[in-house]
Enquirer: 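I'd like to ask you about the structure that follows.
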Amino acid sequence: MANFEPDINHRIWQIVATIPQGKVATYGSVAEKAGMGRAARRIGHALRDLPLDTRIPWHRVVNAQGRIALPAGSSRHQAQRQRLEKEGISFGRHERIDLKQFGW
DNA sequence: TACTTGACAGCAT
DNA sequence: AATGCTGCCAAGT
């Protein structure tokens, strides 16, 4: 059968929704938990497809280097950073989050 | 239809 | 530490 993405997106969103407040997960770990192996790239697409008013905590997903993947300066980037800091997550040198401390 | 790009990651050099 | 290559998958050109 043909893989319909809406199902995949749902699976991904469900995983993202389980990330505890004050913690962050990486694209790779979300992909793995979703049973998608190394398809980290697919995660980005799923998050991109989220509606603006979603309650899914998409901001808790960062790249493997602990940095926000969105283009610096974009409104989404700023929104993500603001929400993370509001949850107690701090950014260190070079806008990086310490995954040893805040990683899920 | 083929090639490129993109909210990425892991390994080799 | 920095680059390059490969895996993965959808969407744009």
Side-chain angles (χ1 to χ4, degrees):
Chain A
M1 60 166 275
N3 271 322
F4 265 88
E5 318 119 45
D7 298 322
I8 305 297
N9 283 349
H10 260 284
R11 175 120 113 261
I12 293 171
W13 296 340
Q14 192 169 343
I15 301 294
V16 173
T18 67
I19 303 172
Q21 185 180 51
K23 294 286 183 181
V24 295
T26 65
Y27 290 90
S29 66
V30 171
E32 191 167 350
K33 289 182 198 306
M36 302 181 68
R38 324 174 189 82
R41 208 153 213 152
R42 184 67 253 274
I43 308 304
H45 283 289
L47 297 185
R48 194 224 43 157
D49 290 341
L50 281 168
L52 296 171
D53 58 7
T54 184
R55 58 183 178 70
I56 301 295
W58 56 270
H59 55 281
R60 295 182 191 142
V61 182
V62 297
N63 66 26
Q65 296 155 32
R67 294 191 283 100
I68 292 175
L70 295 158
S74 66
S75 93
R76 283 249 189 188
H77 177 108
Q78 288 183 23
Q80 180 169 13
R81 184 180 172 151
Q82 186 169 4
R83 290 193 189 195
L84 289 174
E85 291 188 315
K86 196 171 179 180
E87 293 186 357
I89 294 172
S90 58
F91 289 76
R93 192 169 164 170
H94 286 308
E95 299 302 294
R96 224 188 298 164
I97 293 170
D98 182 2
L99 294 179
K100 300 295 183 185
Q101 181 180 3
F102 300 109
W104 185 22

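Proteins come first, then strands; the chains are lettered A, B, ... in the order of their sequence lines, and each starts at number 1. Please read all numbers here as calculations on a predicted model, not as lab measurements. Note: hydrogens, waters and symmetry copies are ignored here, and every other heavy atom, side chains too, is used.
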Enquirer: Return the value, rounded to whole Å, for the distance between atom CZ of A:Arg48 and atom P of C:dG12.
Expert: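 These atoms are roughly 7 Å apart.
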Enquirer: When the C1' atoms of C:dT13 and B:dT1 are compared, how many Å lie between them, rounded to an integer?
Expert: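 Looking at atom C1' only, B:dT1 and C:dT13 are 12 Å apart.
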Enquirer: Output the single nucleotide from B:dA9, C:dA10, B:dA7 whose closest atom is nearest the side chain of A:Gln80.
Expert: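 Of B:dA9, C:dA10, B:dA7, B:dA7 is nearest to the side chain of A:Gln80.
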Enquirer: Please pick, from B:dA7, B:dG6, C:dG7, the nucleotide with the shortest atom-to-atom distance to any side-chain atom of A:His45.
Expert: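 Out of B:dA7, B:dG6, C:dG7, the nucleotide with an atom closest to A:His45's side chain is B:dG6.
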Enquirer: Touch check for A:Ala40, heavy atoms < 4.0 angstrom, all strands: base, sugar-phosphate only, or nothing?
Expert: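 Answer is base: heavy atoms of A:Ala40 come under 4.0 Å of a base.
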Enquirer: Would you measure the distance from the P atom in C:dT6 across to the matching atom in B:dA7 and give it in whole Å?
Expert: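 That atom pair is separated by 22 Å.
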Enquirer: Hey, does A:Arg76 have a side-chain heavy atom less than 4.5 Å from the side chain of A:Trp58?
Expert: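 A:Trp58 vs A:Arg76: side chains touch.
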Enquirer: For A:Gln14, I'd like to know if atom CD has over 12 heavy atoms of other residues, nucleotides or ligands within 6.0 Å.
Expert: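 For A:Gln14, atom CD is not crowded (no more than 12 foreign heavy atoms under 6.0 Å).
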Enquirer: Just the rounded figure in Å: distance from C1' of C:dA1 to CZ of A:Arg96.
Expert: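 Rounded to whole Å, this separation is 11 Å.
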Enquirer: Any donor-acceptor pair under 3.5 Å between the side chain of A:Tyr27 and the base of B:dA9?
Expert: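 Under the 3.5 Å cut-off, the side chain and the base do not form any donor-acceptor pair.
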Enquirer: Would you say that more than 12 heavy atoms from the other residues, nucleotides or ligands in this model lie under 6.0 Å from the CD of A:Glu32, or not?
Expert: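 Result for CD/A:Glu32: open.
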Enquirer: Starting from P on B:dA9, measure out to CG on A:Leu47 and report it in whole angstrom.
Expert: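 Between P of B:dA9 and CG of A:Leu47: 12 Å.
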Enquirer: Quickly work out the A:Arg83 CZ to B:dA7 C1' distance and round it to whole Å.
Expert: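 From A:Arg83 CZ to B:dA7 C1': 15 Å.
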Enquirer: Heavy atoms from C-beta onward define the side chain here; which of B:dG10, B:dA7, C:dC9 lies closest to that of A:Ala64?
Expert: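 Out of B:dG10, B:dA7, C:dC9, the nucleotide with an atom closest to A:Ala64's side chain is B:dG10.
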Enquirer: Hey, are the side chains of A:Thr18 and A:Arg60 touching, using non-hydrogen atoms and a 4.5 Å cut-off?
Expert: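 Not in contact.
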Enquirer: Consider the side chain of A:Ala39, meaning its heavy atoms from C-beta on, and name the nucleotide among C:dC9, C:dG7, B:dA7 that approaches it most closely.
Expert: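 For the A:Ala39 side chain, the nearest candidate turns out to be C:dC9.
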Enquirer: Measure from CD1 on A:Ile68 to C1' on B:dA7 and round the result to the nearest Å.
Expert: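 Taking atom C1' of B:dA7 as the reference, CD1 of A:Ile68 is at 11 Å.
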Enquirer: Kindly point out which of C:dA10, B:dA7, C:dC8 is positioned nearest to the side chain of A:Arg42?
Expert: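 Nucleotide nearest to A:Arg42's side chain: C:dA10.
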Enquirer: Tell me the interatomic distance from A:Ile12, atom CD1, to C:dA10, atom P, rounded to whole angstroms.
Expert: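 Taking atom P of C:dA10 as the reference, CD1 of A:Ile12 is at 10 Å.
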Enquirer: So, do A:Gln80 and A:Val62 sit near enough that their side-chain heavy atoms are less than 4.5 Å apart?
Expert: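 They are in side-chain contact.
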Enquirer: To the nearest Å, how far apart are A:Trp13 CH2 and B:dA7 P?
Expert: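 Between P of B:dA7 and CH2 of A:Trp13: 18 Å.
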